[in-house]
Structures are given as C-alpha cells and as structure tokens.
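Just below is one structure, and these are the notes that go with it.
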Amino acid sequence: MKVVSVVGARPQFIKAAPLCRALRSHHEEVLVHSGQHYDHEMSDVFFEELGIPAPDHNLAVGSGRHGRQTGEMLGMLEDLLIELKPDVVVVYGDTNTTLAAALAAAKLHVPVAHVEAGLRSFDRTMPEEVNRVLTDHVSDVLLCPTDTAVRHLAAEGITEGVYQVGDIMLDTARLFAEARDPAVVLGAMGLEPGGYLLATVHRAATSDSPERLGSVVKAFLELERPVVWAVHPRTRKNLESFGLVESLDGSSAVRLVQPLPYTDTIALLRGSAGLLTDSGGMQKEAYFFGVPCVTLRDETEWTETVELGWNVLVGTDEQKIVKAASLMSRPDHRPDVYGEGHTADAIVSVLEQRYEN
Ligand code: UD1
C-alpha cells in the first residue's frame with residue numbers, strides 16, 4: 001500500500017509521529033510537509049524529538065491569508081498527487097493544510113482518510129471548524145477519536161467509512177511522554193512541582209483581538225500562582241503590536257517562554273497545578289495526565305473533558321478566568337474515553353482492509 005501523509009502545522013507533527021512509525025513498518029509512506037509552520041521551534045524540533053522521518057517534499061507555503069494559503073497548497077498538492085499516485089491520502093485534524101490536501105485528493109478521486117474526523121465546535125466563525133466540516137464531507141475514511149465524533153458525523157448524514165479508532169494523541173503520549181524526566185525540565189526552569197500554571201494561547205479568536213488578548217493577560221497577572229506561558233509566534237506578534245507585552249516583561253506573575261518541544265511541554269504540563277489554554281489538543285493532554293484545565297473558549301470539541309469535570313469553559317472574561325483558576329480540582333473519575341493509545345495500529349488495519357492491493 002502506498003500512502004501519502006500530509007502535515008504542515010505543529011499539532012499534525014505530533015499526531016503523525018505514531019502513525020508514520022506504524023505505517024512504515026509494512027507499507028510505503030511519502031510524507032509531505034506543506035510548510036504552514038516553518039519556525040524551527042514550531043516544526044523541525046518535533047521531527048527530531050519524535051523521530052518523524054524527514055519530509056519527502058516540503059511545499060514551503062509559509063504564512064498568508066486563509067484563501068491564498070489554502071489555494072496555493074491545493075495547486076501544489078494536486079501536482080504532487082498526480083505524480084505520486086498513492087492508494088490513499090492521510091490528513092490530520094483541522095488546519096488549512098488538512099483542507100487543501102483533502103480537496104486536492106478528492107478532486108483527483110484519490111481516497112482520503114481523515115484522522116480526527118467528526119469533531120465539531122459548532123462555531124463556523126472558527127477557521128478550524130470550516131476546515132474540519134469540509135474535510136469530513138470529502139473523506140472516504142473517517143477515523144473518529146470518540147463516540148461523540150461518530151454521532152456528529154451521523155447527524156450530518158455520514159455513516160459510511162466511519163471508524164471509532166480512539167485518539168492518536170494518546171499514542172504519542174504513551175510513546176514519548178516518558179522521554180523527558182519532569183524533574184529535570186522543571187529543575188532547569190527553576191520550577192517546583194504544583195507551584196505554577198501552564199498556559200498556551202493561539203486561536204485567532206483569542207490572539208487576534210486586542211480586547212480578548214488584553215483580558216487574558218490581565219487575568220493571568222491576577223492569578224494566585226505564577227503562570228508559565230509558552231507563546232505561539234502569532235500570539236507573540238500580537239502581544240507586541242497591541243502594546244501588551246510591556247505589562248508582562250519582568251513580571252514575576254507571568255513568565256513568557258518560547259514555544260516548547262513536545263516532551264518539555266508534557267513534562268511542564270504534568271508538573272503544573274493546572275493548564276490555561278485555547279488549544280484543542282492540550283485540553284485532552286491535560287485529561288490524559290490528570291491535570292485540571294481551564295479553557296479560554298466558549299465551546300470545545302472535547303466535550304467529554306468538561307462533562308467529566310476535568311475542564312471548565314470560561315471564554316476570555318477576566319473574572320471568570322481568575323475564578324476558575326482558583327477553583328481547579330481533580331475529580332476522582334477519569335475513564336478511558338479516548339481509547340488506550342493504540343490508535344495508530346487500528347488506523348493501519350482499517351487502511352489495509354480497504355486499500356491493500
Ligand atoms: C494553525 C491552525 C490551527 C492549529 C494551529 C497550531 C489553521 C487555520 N490553523 O494555526 O488549527 O491549531 O496551527 O499551532 O490552519 N507563524 C510564525 N511561525 C510559524 C508559524 C506561524 O511566525 O512557524 C505566525 C505567522 O505570523 C502566521 C501566524 O503565525 O501568519 C498564523 O499561522 P497559521 O499557520 O496561519 O495558523 P496558526 O495560528 O498557527
């Protein structure tokens with residue numbers, strides 16, 4: 001079986017790591033990097049630490065407005081798929097790279113397998129929601145992480161080619177989380193276990209609005225525990241251009257750090273008293289490791305984490321963030337709603353059943 005896998009942004013490298021490994025033990029995989037993320041600490045570092053093979057092709061699309069970025073990738077991916085003639089194209093998640101690759105393949109009648117199918121925030125102003133809905137509707141194989149995702153697809157009339165395979169990010173956690181000793185990572189940063197909160201912010205709705213980002217910054221400065229904030233490049237640019245960075249420079253309440261490698265992020269997460277985030281994937285990672293989460297959004301795709309009491313949705317309201325952070329707790333019950341970390345093997349079996357020979 002010949003598989004073309006398309007990645008381009010940080011969360012996709014993290015999801016691809018276990019599947020690349022599983023696929024390459026028996027099949028031919030061609031890895032394509034769109035170049036949507038290009039900074040060393042947003043891209044190369046994950047290939048190195050997670051042992052992902054170097055991409056066979058890098059489209060170097062770079063940053064741009066959504067239509068142009070997606071369109072440029074679409075054209076380049078079409079040329080490449082015509083040349084490579086794969087049996088199936090694998091796409092991950094909900095980025096502009098995901099949509100471009102799924103559309104390029106579907107138009108050429110090349111089967112599309114979507115890892116992390118069926119997720120919905122029901123907020124169409126979110127670029128990721130548009131990407132995931134459209135990708136699901138042109139996919140042939142819908143690899144859902146949860147029962148909730150399967151139900152979302154059924155509600156949109158998609159019932160063929162749907163498989164509940166569990167969450168691939170749990171495979172990554174199982175395979176790589178132990179690679180770094182949390183004590184070493186915390187020690188190097190002068191942090192005490194449980195003595196700080198970890199934060200990440202990068203969604204357009206939060207980081208592109210001076211009011212909302214300003215409200216988040218104010219809340220972080222008021223919290224009882226210090227915040228270690230791993231700043232996405234987009235958010236750093238906006239903190240600077242909105243004049244918010246001055247209030248954080250030299251602050252003992254908030255410490256800004258560069259985007260971190262995966263294993264350092266997980267070590268810091270495990271050592272933290274809690275997570276503050278607008279990331280999708282990190283809400284789940286907090287759940288995997290039993291760390292309470294406050295989500296800086298009004299909705300989530302990972303509703304199980306909220307229903308089970310491990311995650312609270314507060315949006316970007318300053319007072320709500322402060323209150324939720326002070327009330328963080330660890331419920332007794334943490335069932336395996338995301339599977340057991342063997343999703344990559346399950347995906348390979350599904351693809352073999354459908355596309356071998
Ligand atoms: C993208 C995805 C989002 C995913 C996130 C993970 C879309 C619509 N969004 O958001 O679903 O959760 O990646 O990080 O595809 N930039 C850099 N260096 C980089 C990458 C980006 O400086 O290596 C800056 C650029 O100014 C760029 C901005 O960040 O314009 C946004 O980058 P982009 O790739 O469009 O989206 P993300 O915000 O990273």
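Counting starts at 1 for both ligands and their atoms, following the listed order.
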Those atoms of ligand 1 less than 4.0 Å from some heavy atom in E128: 3 (C), 9 (N), 11 (O)

Nearest-option assignment for atom 2 (C) of ligand 1, heavy atoms, candidates T95, V130, T97: T95

Atom 6 (C) of ligand 1: the protein heavy-atom neighbour that sits closest, reported with distance to 0.1 Å: P11 CD, 3.3 Å

Pair Y92-T97, side-chain donor/acceptor within less than 3.5 Å: no

Nearest non-hydrogen protein atom, atom 16 (N) of ligand 1: Y38 OH, 3.6 Å

Distance from atom 27 (C) of ligand 1 to nearest protein heavy atom, with residue and atom: S63 OG, 3.3 Å

Proximal atoms of ligand 1 relative to R203 (non-hydrogen, under 4.0 Å): 11 (O), 12 (O)

Min side-chain heavy-atom separation L103-L134 under 4.5 Å: no

Nearest non-hydrogen protein atom, atom 34 (O) of ligand 1: Q36 NE2, 2.9 Å

Ring centers of H33, F47 separated by less than 6.0 Å: yes

Close-contact set for ligand 1 against R234 heavy atoms, below 4.0 Å: 28 (C), 29 (O), 31 (C), 36 (O), 37 (P), 38 (O)

Main-chain N/O of T303 paired with T300 side-chain donor or acceptor, under 3.5 Å: no

Sub-4.0 Å atoms of ligand 1 with respect to non-hydrogen atoms of H202: 4 (C), 5 (C), 6 (C), 12 (O)

Proximal candidate to atom 23 (O) of ligand 1 [heavy atom criterion; set I14, D39, D278]: D39

Per-atom contacts of ligand 1 with D94, taking only distances under 4.0 Å to non-hydrogen atoms: 11 (O)

Partner of R203 under salt bridge (Lys or Arg N to Asp or Glu O under 4.0 Å), chosen from E129, E299, E128: E128

Per-residue contact class, S207 against ligand 1 - non-hydrogen pairs under 4.0 Å: neither

Sidechain-backbone polar pair: T235 side chain, V231 backbone, donor-acceptor under 3.5 Å: no

Ligand 1 contact by H66, heavy-atom criterion under 4.0 angstrom: yes

Test item: side-chain donor near acceptor, E29 and S5, under 3.5 Å: yes

side-chain hydrogen bond (donor to acceptor under 3.5 Å, both in side chains) assessment of Q12 paired with T98: CA-CA 9 Å; Q12 294 168 328; T98 316; 2.9 Å; yes

For atom 14 (O) of ligand 1, the protein heavy atom that lies nearest, with its residue and separation: H37 CE1, 3.0 Å

Those atoms of ligand 1 less than 4.0 Å from some heavy atom in N96: 7 (C), 8 (C), 15 (O)

Test item: D136 side-chain N/O and G118 main-chain N/O as donor-acceptor pair under 3.5 Å: yes

Distance from atom 26 (O) of ligand 1 to nearest protein heavy atom, with residue and atom: K237 NZ, 2.5 Å

Identified ring-ring contact (aromatic ring centres under 6.0 Å, His included) partner of W302 from the options Y338, Y287, W310: Y338

